[in-house]
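Report on one structure; see the data block that follows.
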Amino acid sequence: MTQPDMAYPNPAGIKRVAVLTSGGDAPGMNAAIRAVVRTGAQQGIEVVGVRRGFSGLHRGEVQLLGPRDVANTIQRGGTILLTARSHTWRSPEGRAKGAAVLREWGVDGLVVIGGDGSFHGGYFLQEEHGIPVIGVPGTIDNDLYGTDHTIGYFTAVETALEAVDKLRDTGASHERIFVIEVMGRHAGHIALDVAVAGGAEEVFIPEDKKPIGDVVNIVKDSIAKGKRGSIIIVAEGYDGGAEAVAQAIHAGTGLETRVSILGHIQRGGTPVSSDRILASRLGEAAVYALMDGKKGVMVGRIGGGIAYTPLHETWEKRKDVSRDLYRCAKMLSI
């Protein structure tokens, strides 16, 4: 039963909401699902969960969710609703099947938790079938325009940083150069944060196409200053990745160089508090947005407040890395 002091205006007359997770998983997605379900329950709105994202939606993998169904999930990584990529959803026929399922279930609006690919799917569903869609940014890459941070980003940075700290110990003991590749196909946010927090000597990100050969002089200077090892951070989206950087170092210095690609380990694990809080805020905001009659927007957090950005702008507009932090990384690498 809705508590009087928790009531939120519902001019759109929303009675039932669907929620799904799509694309790559991100720590904190479960906290967002939980927030959608429990906010709906507080407001007298039924919530149905869609399993396996858009792939499950056009197959009718839908179930009612209540507050107890999401108990003890806020601390869990991955997504209890599962996720998958769907080639069928890329066709108008596939989206029509999904829209039919939502209508059969009496859904008044859909919450999509994911990244830009997921938002594309939600955008076209709304455009073609008129079902209101609200996006919640869930991706470790932090590359969506319209929010300071995305769900899963904080945990991914902490996971990568823990690995860097351990590799630094080994590198110093063996006087080796470690080139560490972190996730970020199109964005260097993780790489930049990890480089500063991990005391790296250099960082390579997709946003800056600096010559790969520059790293040779940086490593030589580090050795001349008495450093026993060096840590180089590379975002996977930088041309050639960590392997290319390591080859350049070895060719230019002859020093023993090791490559460590952290990969999907950055997606897993228990979400840190910042991701749990962000996901809770945005999951709640997504339900309120539907109740307000909003549609076709992503709920994000900018400067501590909730912001609404048209879905198409989240991928059409570019979110740059912090140039101040990039400068800081260079300043502190002596």
Side-chain angles (χ1 to χ4, degrees), residues 24 115 139-143 152-153 155-268 318-334:
T139 168
I140 67 168
D141 288 346
N142 197 36
D143 58 350
Y153 173 68
T155 306
V157 169
E158 291 300 322
T159 299
L161 181 59
E162 182 180 3
V164 168
D165 288 344
K166 292 177 179 179
L167 289 169
R168 178 180 286 282
D169 292 342
T170 295
S173 297
H174 291 269
E175 298 181 299
R176 289 174 179 163
I177 312 298
F178 264 101
V179 181
I180 304 170
E181 184 176 291
V182 300
M183 279 188 158
R185 284 180 299 170
H186 306 294
H189 298 279
I190 294 176
L192 188 51
D193 272 16
V194 169
V196 173
E201 278 68 38
E202 180 61 292
V203 57
F204 289 87
I205 57 177
E207 292 86 348
D208 185 2
K209 300 296 184 182
K210 60 189 174 187
I212 199 170
D214 290 356
V215 72
V216 175
N217 290 331
I218 290 171
V219 171
K220 286 181 177 179
D221 288 344
S222 295
I223 299 301
K225 292 171 184 175
K227 292 188 177 183
R228 292 186 297 162
S230 293
I231 294 290
I232 313 296
I233 304 296
V234 183
E236 63 177 319
Y238 181 81
D239 291 344
E243 291 288 352
V245 174
Q247 290 171 12
I249 293 173
H250 182 70
T253 67
L255 296 171
E256 190 173 10
T257 305
R258 291 288 186 270
V259 172
S260 182
I261 299 176
L262 301 186
H264 287 77
I265 191 174
Q266 295 158 89
R267 282 190 182 172
R318 182 172 177 269
K319 180 180 180 179
D320 199 7
V321 296
S322 169
R323 293 295 165 173
D324 286 340
L325 191 62
Y326 194 38
R327 173 189 49 76
C328 181
K330 297 294 294 180
M331 183 67 66
L332 302 181
S333 65
I334 59 173

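What you see is a predicted model; the values in this text were computed from it and never measured.
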Show the nearest heavy-atom pair for residues Tyr326 and Val203, with the distance to one decimal. CE1-CG1, 3.8 Å
Which side-chain N or O atoms in residues 247-255 pair as donor and acceptor under 3.5 Å with protein atoms at least two apart or in another chain?
unit_1: His250; atom_1: ND1; unit_2: Leu255; atom_2: O; d: 3.1
unit_1: Thr253; atom_1: OG1; unit_2: Ile249; atom_2: O; d: 2.6
unit_1: Thr253; atom_1: OG1; unit_2: Leu255; atom_2: N; d: 3.1

Sole residue of Asp221, Val215, Asn217 in side chain to side chain contact (heavy atoms under 4.5 Å, CB included) with Val219: Val215
Contacts satisfying salt bridge (Lys or Arg N to Asp or Glu O under 4.0 Å) that involve residues 234-254 (not counting sequence neighbours) are Lys209-Asp239
Check whether Arg168 reaches the backbone of Ile231 with its side chain - one donor and one acceptor, N or O, closer than 3.5 Å. no
Are the side chains of Ile177 and Glu256 in touch, meaning some heavy atoms are under 4.5 Å apart? no
Got a sec, which residues hit salt bridge (Lys or Arg N to Asp or Glu O under 4.0 Å) with Arg318, two or more places apart in sequence or on another chain? Asp320
Would you name the heavy atoms of Val259 and Ala242 that are closest together and state the gap between them? CG1-CB, 3.9 Å
Test of understanding: with side chain to side chain contact (heavy atoms under 4.5 Å, CB included), list the residues that count as partners of Leu325, not counting sequence neighbours. Leu192, Asp193, Val196, Ser322
With sequence neighbours excluded, residues passing salt bridge (Lys or Arg N to Asp or Glu O under 4.0 Å) with Lys220: none
Side chain to side chain contact (heavy atoms under 4.5 Å, CB included) against Asp141, all qualifying residues, sequence neighbours excluded: Thr139, Asp143, Met183, Ile190
Residues Ala246 and Thr257: closest non-hydrogen pair is CB-CG2, 3.8 Å
Give the minimum heavy-atom separation between Ala235 and Gly188, together with the two atoms involved. CB-CA, 4.3 Å
Looking at Arg258 and Leu167, would you say the former's side chain and the latter's main chain have a donor-acceptor pair under 3.5 Å? no
What pairs of donor and acceptor atoms, side-chain ones from residues 155-166 against any protein atom, are under 3.5 angstrom apart with sequence neighbours left out?
unit_1: Thr155; atom_1: OG1; unit_2: Val272; atom_2: N; d: 3.0
unit_1: Thr155; atom_1: OG1; unit_2: Asp275; atom_2: OD2; d: 2.5
unit_1: Thr159; atom_1: OG1; unit_2: Thr155; atom_2: O; d: 3.0

Do Glu181 side-chain atoms and Gly241 backbone N/O form a donor-acceptor pair below 3.5 Å? no
Considering residues at least two apart in sequence or located in another chain, which fulfil the salt bridge (Lys or Arg N to Asp or Glu O under 4.0 Å) criterion with Glu207? none
By side chain to side chain contact (heavy atoms under 4.5 Å, CB included), Asp169 pairs with (sequence neighbours left out) none
Residue pairs involving residues 179-219 (criterion ring-ring contact (aromatic ring centres under 6.0 Å, His included); sequence neighbours excluded): Phe204-Tyr238
Got a second to check how far Leu262's CG is from Arg267's CZ, nearest 0.5 Å? 13.5 Å
Provide the closest heavy-atom pair for Ala191 versus Ile205 in the form atom of the first, atom of the second, distance. CB-CG2, 4.0 Å
